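Notes follow once the structure below has been shown.
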Protein chains: 2
Amino acid sequence: MKSERATLPDRELNDRLAASGLRFTAQRQQVLAVLLKRRDHPTAEEVFIRAKSQMPDISMATVYNCLDALTQCGLVRQVHMDRGAARYCPNMSDHSHFRCEGCGRVHDIDLASEALRPHLPRGFQVSHSEVSLHGLCADCARNSAARSSAK
Amino acid sequence: MKSERATLPDRELNDRLAASGLRFTAQRQQVLAVLLKRRDHPTAEEVFIRAKSQMPDISMATVYNCLDALTQCGLVRQVHMDRGAARYCPNMSDHSHFRCEGCGRVHDIDLASEALRPHLPRGFQVSHSEVSLHGLCADCARNSAARSSAK
DNA sequence: TTTGTATTTAGAATCATTCTAACTCTTGAC
DNA sequence: GTCAAGAGTTAGAATGATTCTAAATACAAA
Ligand SMILES: [Mn+2]
Ligand SMILES: [Mn+2]
Ligand SMILES: [Zn+2]
Ligand SMILES: [Zn+2]
């Protein structure tokens, strides 16, 4: 049985889209649902695969369009690690990203770009900033330490 | 009259290349010279154009190869701003980058990634980090303030 | 010299993304 | 309800940056 009233994320989606003069569509709902379900910073390609499993007719072009719409209306951020495909994150708090070279996962890091402000030279006005870190996450660091001590 | 002994950057280049098992070549020398001459974070394309003006037979593939060799032997860093082409920087000190939306220039910012260390969650090991900032540089901010007050 | 390897080169291939143009759906006069 | 206008979706083409490939060239050591 489907609830009469929209779920909370759907209501939020509807309002945000409307505020940007955009329509609520099944595809945008699906793409957002994918991002909210597993917060692992998937690429557009990965979003496409996951969305397609629920909505077989959705196209890659639409996934790009939806991700763009969601980004525009402030529900999703693009994340740029490495040179490869952009990743997408539905966590809109001011945070940074850490890409683990061991497991490949992209972790949210509670490091606000606000913290960088005092380091800037006089007169510069920052409108947007991005911090990307690379290395070993706690789990992978522990494993690699264990492996090397075991020899 | 050309000096008998190699210039300082050439000596350094020779040593660094040797240390990585790479040869000193005219193309690598030229590409490094381009980067040292104007430290404005050019893209590979821009490096190609500048190098070509001195060395008309150099190819784009070689510019990519040389930039790669210079990066490997620690004389140059790749800088990733936006989604576009990578930029190259011969300043190997721990610093960050600021892309001005007014004039398009990429400025070095004296913000060491070391400063981020204390913000990391326990157990994470950072091997590399990059901070990219966007906004208005001091000059452009001043101009835009002047323009808006003049109405 | 000779010979093996590193480097350069042009062009093809690849990858992510954007664009195009046709089709479909929604909305809001009438 | 009908219908036109606009918004959204779609497949596939086009683009831009980079990497790959294979042949030619330059080098360095034997
Ligand atoms: Mn995130
Ligand atoms: Mn720099
Ligand atoms: Zn890990
Ligand atoms: Zn500027």
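Convention: sequence-line order gives letters A, B, ...; per-chain numbering from 1. On a predicted model such as this, the values are computed, not experimentally measured, just so you know.
For the pair B:K52 NZ and C:dT9 C1', the interatomic distance rounds to 11 Å; values are reported in whole Å. Following rounding to the nearest Å, A:E46 (CD) and C:dA16 (P) show an atom-to-atom distance of 10 Å. Between A:F48 atom CZ and C:dT17 atom P the separation is 14 Å, expressed in whole Å. In this structure, CG of A:D82 is placed 14 Å from C1' of C:dA16, rounded to the nearest angstrom. For the pair A:Q29 CD and D:dG8 P, the computed distance is 15 Å after rounding to whole Å. If you take CG of A:L67 and C1' of C:dT18, they are 14 Å apart, rounded to a whole angstrom. Spacing between atom CG of A:L17 and atom C1' of D:dG6 amounts to 17 Å, rounded to whole angstrom units.
The closest side-chain donor-acceptor pair between A:T71 and A:Q78, if any, does not fall under 3.5 angstrom. Between the side chains of B:D110 and B:H95, no donor-acceptor pair of N or O atoms lies under 3.5 Å.
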Exercise. What is the per-nucleotide protein-contact pattern of nucleotides 10-30 of chain D, from the 5' end, where B denotes a base atom under 4.0 Å from a protein heavy atom, S denotes such proximity for sugar-phosphate atoms only, and - denotes neither?
Worked result: BB-----SBB-------S---

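Using bins of under 30°, 30° to 60° and over 60° for the plane-to-plane angle, the ring pair A:F98/B:F124 lands in the perpendicular bin. The aromatic rings of B:H134 and A:H128 sit tilted, their planes meeting at an angle between 30° and 60°.
A donor-acceptor contact shorter than 3.5 Å is absent between the side chain of A:T62 and the backbone of A:I58.
At least one side-chain nitrogen or oxygen of A:T25 sits closer than 4.0 Å to the OP1 or OP2 atom of D:dT9.
The stretch residues 17-33 of chain A participates, sequence neighbours left out, in these side-chain hydrogen bond (donor to acceptor under 3.5 Å, both in side chains) pairs: A:D10-A:Q29.
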